[in-house]
Structure formats: structure tokens, C-alpha cells
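Just so it is clear, the values below take in all heavy atoms, side chains as well, and ignore hydrogens, waters and symmetry mates.
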Amino acid sequence: MSAGTRTPEDRAGRRVLSAALFASAPAEVLDFLLPLWAGSVLGAGASAVGALIAFEAVLSLIVRPLAGELADRFDQRRVAAAGAGLYALSFAGYALAGSLVGAFVAAGLGGAGGALFWVGLRAWTGQRSQGGGGDGTAAYGRLLSAEGQGAFVGYLVAFSLLERGGYPLLFWLGCAACAVAAASLLRGPRRERDAGAPRVVAGLREGRGAAERRLLPLMAVSAVTAAAEAGLWMLLLLRLQSHLELSPDEIALVFAPGFVVFVLLPAHAHRLTGRLGRTPAMVASFAASALFAAGLSVVSTPPAVAVLWTVAAACFAVQVPVEQAAVAAASGGRTGRAMGLYESARLAGVVIGPLVMGVLYEEAGWAAACGAAAVTSAVGALVVPYAVRALGLPERRTDGEGEGDTGEREAARPRAVPESALGPKARARKERRDWYVHTAVFALGQAVLWVLDSSWLVWQITDGGVPGDQRGPLVWAGRIWLTIWVVDTVWSWSYTLRPREKKPKPSA
């Protein structure tokens with residue numbers, strides 16, 4: 001098989017990333033719209049809205065370990081497809097709901113669907129990357145980048161259509177997007193599940209609780225730091241709105257640079273982590289998070305907050321794929337169960353963090369809340385080396401260092417062609433194909449913005465600037481998108497103008 005041939009596993013990988021993009025778009029927007037919809041359409045009070053959000057989060061937390069078990073016993077893409085189907089039913093339920101009872105049913109479907117979808121997708125990513133002999137950081141980085149791209153598209157569509165079509169239109173579009181994600185995951189053979197079966201059996205021989213005991217320190221660190229990060233994020237939004245009196249559009253501009261970094265960096269951060277190793281990369285990320293939290297206690301201007309947040313977003317883009325890849329590598333073959341427990345730990349932190357940090361903020365003030373978040377991240381930086389050592393993994397892994405039997409690795413490798421194996425011409429073709437897809441989406445998005453009189457590019461060409469009364473979130477989103485497209489164009493076509501192979505990973 002030539003290096004340029006696209007294998008069934010390669011096509012499956014593309015479909016998984018496509019599913020992540022389609023499902024994350026409405027899911028991310030729902031977190032923003034749900035309180036607004038419940039309050040304005042259903043007339044729900046603050047307590048009812050809080051109960052609705054908590055119900056979805058707690059149900060998702062409960063279902064995640066079960067989702068991990070299902071992912072170890074069945075085809076992981078089918079498990080994720082079932083989650084996407086429940087996601088679609090959830091959005092249809094929101095579109096049809098006329099009371100809080102219907103909203104709670106929709107929230108329950110969404111919580112269960114989210115657990116099945118994300119655990120299934122991340123378990124498949126971990127199993128595939130481990131079967132190919134890599135450490136999985138690059139694969140999880142691409143998945144995280146796809147999630148960020150989906151969130152960007154989702155917010156762009158939401159800001160465009162909310163005032164024109166109302167909440168039902170957005171909910172039905174979310175239902176359609178999740179249905180597309182489910183259909184994408186259901187395509188293709190089931191050979192990934194069959195190929196992974198021997199690894200699951202090997203993991204079961206290790207002992208049911210051995211992998212969980214190794215993962216416990218890392219899950220504890222992730223849960224506690226996730227709680228501090230989620231709580232500080234909530235307080236930062238409230239502070240920008242109340243104390244600095246920024247409008248939603250201005251708040252979006254503060255976070256825009258960090259959001260762009262979070263979308264672009266994960267797919268490439270593995271080059272850095274591959275050289276540094278797991279422990280230094282995670283220690284640096286936690287240390288930078290501590291500096292971010294401490295810095296917020298002494299700076300107050302929006303530009304300074306934007307700079308701090310951009311640095312923090314870069315750290316998260318590095319940290320999350322490394323954590324997920326480490327969990328998959330240390331799972332003992334039970335990737336689904338390990339990923340379900342890990343995500344449960346992080347979600348528990350996200351649920352508890354805002355409550356604890358909110359109480360601390362009300363009792364002791366902003367500086368105390370920032371200090372608590374900084375101390376939590378600093379402790380995480382100190383503890384994470386022990387947590388990584390407990391996993392029993394090598395600090396760096398080359399392509400020849402897989403988990404499990406050598407014969408299994410050799411049997412898995414011929415079926416997938418990693419990007420590093422592509423020759424110069426094949427690499428150039430791949431980059432051009434990706435650019436064609438990105439450009440088609442970009443052109444469609446710009447056409448929509450033009451129809452809505454919100455295209456920064458069209459205003460610059462026709463009037464030389466954007467009128468003051470036309471500025472808003474759609475305009476800055478279009479401008480950021482244009483910047484991303486220009487960078488993507490230069491990068492993609494550089495392989496055609498100067499063909500080159502991807503540099504091999506350094507040996508340990």
C-alpha cells in the first residue's frame with residue numbers, strides 16, 4: 001500500500017473529526033442559550049434555570065462511567081453515534097417544549113447523549129492511536145481542534161439567526177447537525193472494534209481495578225484544577241459585565257484572541273510535548289494557569305485580561321490532549337472505562353467549581369477567589385509529576401513504543417498511514433484537499449455574512465471600513481475567520497510551492 005493511499009481507517013478518522021465538529025457546534029451554543037431560552041420563553045426563574053442546568057450536568061456525570069463500559073464492549077463509533085442521536089432528540093425536545101417538564105426531558109436526553117458521544121469518540125481516538133504505536137497526543141489535539149472549530153461555527157450561526165428565526169430555528173438546526181454527526185459515525189466497517197478486542201482482553205487480565213488505581217492521582221488533579229478553572233471563568237465573565245460594564249460584544253472581543261489560539265494550537269502542540277515529555281508539558285501548563293489566575297487579581301483592563309486569557313488558552317490547548325492521551329495509554333486496554341472515569345472526574349469539578357468559587361467570591365472578594373484558583377493550579381503543578389509517574393508510562397514514546405504485544409502493533413500498523421509517513425507529494429495533495437474544504441466553508445460563511453450586512457471583508461472592499469452602527473459580534477467573527485483562512489492558505493500551499501516531508505519525531 002502506497003503512503004499516499006487513504007485507508008478505511010483514515011476515512012474513519014476524518015468522519016470522527018467531522019462528527020465532533022457537527023455535534024460540538026450546537027452543544028457549545030446550548031450552554032450559552034439554555035438559560036436565556038428558559039427564562040424568556042418558559043418564564044423560568046433563576047432557581048428553575050439552575051435546576052435545569054444541574055439536571056443535565058449530573059445526569060451526564062452519572063452516565064459517563066456506563067458510556068465507558070459500553071465503549072469497551074461495542075464498536076466505539078456506534079456508541080458515539082447513539083449519543084449523537086440522543087443529542088438530536090434533545091434539541092428536537094427543546095424546539096417542541098412548551099413547559100419546564102418538556103425542557104427537563106430534553107435536558108436529560110442531552111446529558112445522556114453527551115456522555116455517550118464524547119466518551120465513545122475519545123475512547124475510539126485513544127484505541128486507534130495506541131494501536132498505531134503513537135502516544136495519542138496529536139490525535140487528541142486534532143479532536144480538540146475540531147471541537148473548537150465547531151464551537152466557532154456554532155456561535156457564528158447562532159448570532160446570525162437568533163434574532164431572525166428565534167430559538168426554535170436554532171434548536172432544529174442543532175437537531176439536524178447532530179443527526180449528520182450520527183450518520184457520519186455509522187458509515188464504514190466495524191473493523192476498529194475487532195482490531196481493538198485483543199487489547200481489551202489483555203487489559204482485563206491485568207485486573208479490573210489496576211488501571212483505575214494508576215489513574216486515580218491524575219483524575220484527582222484534573223478534577224480539582226477543573227473546578228478552579230470553571231469557577232474562575234464564571235467569575236471573570238461576571239466581573240467583566242458588572243465591574244467593567246462591558247457589553248456582550250465587548251466581552252466576546254476580550255476572549256476572541258484566546259479562542260483563536262485554542263482552535264488552532266491543539267492540532268500542532270504535540271510537536272512541543274513530544275520534545276518535552278508528558279510531565280514538563282503538564283507542569284508548565286498548570287504553572288501558567290496559576291500565573292493567569294494570580295494575574296487577574298492585579299490587572300483590570302480588557303487588553304490585559306485578553307493577553308492573560310490567550311496565554312491560559314494556549315496552556316489548556318497543550319494540557320488537555322496530553323492528559324487524554326496519558327489516560328488512554330494507561331488504560332490497560334479498557335480505554336472506554338478509563339476515559340469515562342476521567343471525564344466524570346473533570347465534569348464533577350466543572351459542576352462543583354462554580355458553586356464553591358461563587359461562595360468564596362461573595363464572602364472574601366475577587367482577590368481571594370483569584371488567589372484560591374492560583375494556589376490550586378500551583379498545587380496541581382507540584383502534584384502532577386507524581387500523578388504521571390503513577391501511570392507507569394515512559395516520559396516520551398516513539399512510534400515503536402506501543403502498549404501491549406509487539407505482534408499486535410505490527411498487525412495494526414499496515415492498516416493506517418500516519419501523516420509523518422506521507423511523502424512530499426502526497427503531503428502536498430492532502431494539504432490542498434483540506435484547503436479546498438476549508439475554503440468552501442469559508443466562502444459559504446462569508447456569503448451568509450454578506451447577506452446579513454455583517455461581512456468585514458465586504459465592508460472593507462466596498463466602503464473601506466465598517467460603519468459604527470454595523471459593528472458587532474458577527475463582524476469581528478468574520479474578521480477572525482478571514483485571518484484564520486489566510487494563515488491556513490499560506491500554510492497549506494507552502495507544501496505545494498516547497499514540497500517537504502514532515503520531520504520525524506525525536507527518539508527518547
> Just to verify, what does F104 make a ring pair (Phe, Tyr, Trp, His ring centres under 6.0 Å) with, not counting sequence neighbours?
F55
> Would you call V356 and L360 a side-chain contact if the rule is heavy atoms closer than 4.5 Å?
no
> Tell me, do L70 and V119 make a side-chain contact under 4.5 Å, heavy atoms counted?
no
> Measuring from atom CG of L116 to atom CZ of R78, what distance do you get when rounded to the nearest 0.5 angstrom?
15.0 Å
> Is there a donor-acceptor contact under 3.5 Å from the side chain of S60 to the main chain of E56?
no
> With a 3.5 Å distance limit and no angle check, can you tell me whether S90 reaches the backbone of A106 through a side-chain donor-acceptor pair?
yes
> Could you give all pairs that pass the salt bridge (Lys or Arg N to Asp or Glu O under 4.0 Å) test and reach residues 115-126, with sequence neighbours left out?
R122-E147, R122-E343
> So L52 and L34, side chain to side chain contact (heavy atoms under 4.5 Å, CB included) or not? Walk me through it.
CA-CA 9 Å; L52 182 65; L34 186 59; 3.9 Å; yes
> Are W124 and V79 side-chain neighbours, meaning at least one heavy-atom pair lies under 4.5 Å?
no
> Could you grab the distance from atom CD1 of I352 to atom CG of L61, nearest 0.5 Å is fine?
8.5 Å
> Grab the two heavy atoms, one from L232 and one from C370, that are nearest each other, plus how far apart they are.
CD1-SG, 4.0 Å
> E323: what forms a salt bridge (Lys or Arg N to Asp or Glu O under 4.0 Å) with it, not counting sequence neighbours?
R346
> If every non-hydrogen atom of C178 is compared with every non-hydrogen atom of P26, which pair is closest and at what distance?
SG-CG, 3.9 Å
> Could you go through S184 and F22, starting from their C-alpha distance and side-chain angles, then the distance that decides it, and tell me whether this counts as side chain to side chain contact (heavy atoms under 4.5 Å, CB included)?
CA-CA 10 Å; S184 179; F22 273 99; over 6 Å; no
> For W366 and L296, which heavy atoms make the closest approach, and how far apart are they?
NE1-O, 3.1 Å
> List the residues meeting ring pair (Phe, Tyr, Trp, His ring centres under 6.0 Å) with F117, not counting sequence neighbours, and say none if there are none.
none
> Quick check: closest heavy atoms across A228 and A373, and the distance to 0.1 Å?
CB-CA, 4.1 Å
> Does some side-chain heavy atom of V383 sit less than 4.5 Å from a side-chain heavy atom of P217?
no
> Would you say Y94 and L30 make side-chain contact, with heavy atoms under 4.5 Å?
yes
> Could I get the full list of side-chain contact (heavy atoms from CB on, under 4.5 Å) partners for A95, not counting sequence neighbours?
F171, W172
> Rounded to the nearest 0.5 Å, how far does CZ of R142 lie from OG1 of T125?
9.0 Å
> Rounded to the nearest 0.5 Å, what's the gap from CZ on R337 to CG on L66? Could you check?
11.0 Å
> Would you say V320 and Y140 make side-chain contact, with heavy atoms under 4.5 Å?
no
> Look up atom CG in L143 and atom CG in L21, then write down how far apart they are to the nearest 0.5 Å.
10.5 Å
> With a 3.5 Å distance limit and no angle check, can you tell me whether S297 reaches the backbone of A294 through a side-chain donor-acceptor pair?
yes
> Can you name the nearest heavy-atom pair linking A115 to A67, along with the distance?
O-CB, 3.7 Å
> Run the numbers on S18 and R14 for side-chain hydrogen bond (donor to acceptor under 3.5 Å, both in side chains), then give the verdict.
CA-CA 6 Å; S18 175; R14 287 178 175 272; over 6 Å; no
> Between atom CH2 of W118 and atom CZ of R64, what is the distance when rounded to the nearest 0.5 Å?
9.5 Å
> If you compare all heavy atoms of L218 against all heavy atoms of M282, which two are closest, and at what distance to 0.1 Å?
CD1-CE, 3.7 Å
> Tell me every residue that passes ring pair (Phe, Tyr, Trp, His ring centres under 6.0 Å) with W309, counting only those two or more places apart in sequence or in another chain.
W233, F255, F292
